[in-house]
S.K.: 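Just dropping this structure here.
Because the structure is a prediction, the values reported are computed rather than measured.
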Amino acid sequence: MNWYLTVLKKYADFSGRARRKEYWMFVLMNFLVSILISIVGAVIGDTDGLIAVSLSGVYALFIFIPSLAVTVRRLHDTNKSGWWILITFVPLIGGLVLLIFMIIDSDPNTNAYGANPKTAPEPV
């Protein structure tokens, strides 16, 4: 949960680097929160599912910028420009290339985007 909150605290911080652990823990928590919101919306919602869609939509708007920011910081950690996020617009292969960039290990040295976050202490 701390990794999720760390990303939210850096709401629109597109500079610096994000470790694999920070990125993937955020993705996991985001997925779990989305499922929980969908379940709550379905339970309290009407038959048309309008409340479930509304809750999910509000959450998606809330989490959009932090998701972009942590993805850009993760790209920085692999010593790639944040503009590589636009590769997802290439049909079929773009998302796969971005997934590979998110999976590969970070640059072990200090790069143009900052010091290696693995050497920094983990959030408590």
Side-chain angles (χ1 to χ4, degrees):
M1 188 68 163
N2 290 332
W3 292 103
Y4 183 76
L5 296 175
T6 300
V7 170
L8 293 181
K9 287 176 187 173
K10 298 178 182 179
Y11 189 83
D13 184 10
F14 290 86
S15 62
R17 295 168 64 168
R19 294 177 58 185
R20 264 190 304 197
K21 186 174 185 178
E22 179 181 350
Y23 176 78
W24 287 109
M25 292 303 285
F26 173 76
V27 169
L28 175 65
M29 288 303 299
N30 190 29
F31 178 71
L32 295 175
V33 169
S34 296
I35 289 174
L36 181 66
I37 287 174
S38 296
I39 290 170
V40 168
V43 168
I44 66 170
D46 54 0
T47 57
D48 296 334
L50 183 60
I51 292 177
V53 171
S54 298
L55 288 175
S56 296
V58 168
Y59 178 71
L61 286 174
F62 169 73
I63 210 70
F64 179 70
I65 292 177
S67 297
L68 283 178
V70 75
T71 303
V72 167
R73 288 194 315 270
R74 177 68 193 126
L75 285 167
H76 288 172
D77 194 40
T78 60
N79 206 15
K80 294 182 180 32
S81 170
W83 290 105
W84 273 99
I85 200 169
L86 298 177
I87 193 127
T88 56
F89 292 118
V90 176
L92 300 174
I93 194 168
L96 183 61
V97 169
L98 188 64
L99 177 65
I100 291 169
F101 287 164
M102 297 297 110
I103 293 173
I104 60 175
D105 198 11
S106 59
D107 185 6
N109 304 316
T110 299
N111 63 22
Y113 305 104
N116 187 350
K118 285 185 180 180
T119 59
E122 292 187 8
V124 177

S.K.: Has the side chain of N111 got a donor or acceptor atom that lies under 3.5 Å from a matching backbone atom of H76?
M.R.: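 Flag set: sc N111 to bb H76 pair under 3.5 Å.
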S.K.: Out of curiosity, does Y113 fall in the hydrophobic cluster containing F14 (side-chain heavy atoms, cut-off under 4.5 Å, transitive links)?
M.R.: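 No: no chain of side-chain contacts under 4.5 Å links F14 to Y113.
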S.K.: Atom CG in L5, atom NZ in K10: separation rounded to 0.5 Å?
M.R.: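 So the gap between those two atoms works out to 12.5 Å.
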S.K.: Any heavy-atom pair between the side chains of S106 and N116 that's under 4.5 Å?
M.R.: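 Sidechains of S106 and N116: in contact.
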S.K.: Which heavy atom of I65 sits nearest to which heavy atom of A12, and what is that distance?
M.R.: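 Shortest heavy-atom contact: CG2-CB, 3.9 Å.
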S.K.: Tell me the closest heavy-atom pair linking S56 and S38, and the distance in Å.
M.R.: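 Heavy-atom minimum between the residues: OG-OG, 3.7 Å.
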S.K.: Run the side-chain donor-acceptor check on residues 86-103: report pairs under 3.5 Å with partners two or more places apart or on a different chain.
M.R.:
| from | atom 1 | to | atom 2 | distance (Å) |
| --- | --- | --- | --- | --- |
| T88 | OG1 | I85 | O | 3.0 |

S.K.: Distance check, rounded to the nearest 0.5 Å: L55 atom CG versus I39 atom CD1?
M.R.: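 If I round to the nearest 0.5 Å, the distance is 12.5 Å.
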S.K.: So, taking the atom named CG in L28 and the one named CH2 in W3, what distance separates them when rounded to the nearest 0.5 Å?
M.R.: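 L28 atom CG to W3 atom CH2 measures 13.5 Å (nearest 0.5 Å).
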S.K.: Where is the tightest heavy-atom contact between N79 and A112, given as atom of each residue plus distance?
M.R.: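 So the two residues come closest at OD1-N, 4.4 Å.
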S.K.: Are F62 and V27 joined in one hydrophobic group, where the rule is that I, L, V, M, F, W and Y side chains link up if heavy atoms are under 4.5 Å apart?
M.R.: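 Both belong to a single hydrophobic cluster.
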S.K.: Under a 4.5 Å side-chain heavy-atom rule over Ile, Leu, Val, Met, Phe, Trp and Tyr, are L32 and F64 clustered together?
M.R.: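 L32 and F64: one cluster.
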S.K.: I'd like to know if F31 and L8 are part of one continuous hydrophobic network [Ile/Leu/Val/Met/Phe/Trp/Tyr, side-chain heavy atoms within less than 4.5 Å].
M.R.: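 Yes; tracing contacts between hydrophobic side chains, which count when under 4.5 Å, links both residues.
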S.K.: Salt bridge check, D105 against R20: does any charged N sit closer than 4.0 Å to a carboxylate O?
M.R.: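 Judged by the 4.0 Å cut-off on N to carboxylate O distance, R20 and D105 do form a salt bridge.
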S.K.: Taking R17 for its side chain and G114 for its backbone only, find out whether a donor-acceptor pair lies under 3.5 Å.
M.R.: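 Yes.
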S.K.: Kindly state each residue pair satisfying side chain to side chain donor-acceptor pair (under 3.5 Å) with at least one member in residues 57-69, sequence neighbours excluded.
M.R.: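 Those involving residues 57-69 are Y4-Y59, N30-Y59.
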S.K.: To the nearest 0.5 Å, how far apart are CD1 in I63 and CD1 in I37?
M.R.: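 Spacing of CD1 (I63) from CD1 (I37) equals 8.5 Å.
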S.K.: Is the closest basic N to carboxylate O distance between R74 and E22 below 4.0 Å?
M.R.: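 Salt bridge: no.
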S.K.: Can you tell me how far CE of M25 sits from OG1 of T6, rounded to the nearest 0.5 angstrom?
M.R.: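 Result: 10.5 Å between the selected atoms.
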S.K.: Considering all heavy atoms of both residues, which atom of A115 and which atom of T110 are nearest to each other, and what is their separation?
M.R.: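 In terms of heavy atoms, the two residues are closest at CA-OG1, 3.8 Å.
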S.K.: Mind checking whether W24 and I35 sit in one hydrophobic cluster, side chains of I, L, V, M, F, W, Y counted as touching below 4.5 Å?
M.R.: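 Cluster IDs for W24 and I35 match.
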S.K.: Please give me the minimum heavy-atom distance between S15 and R73, naming the atom from each residue.
M.R.: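 Closest heavy-atom pair between S15 and R73: O-CD, 3.3 Å.
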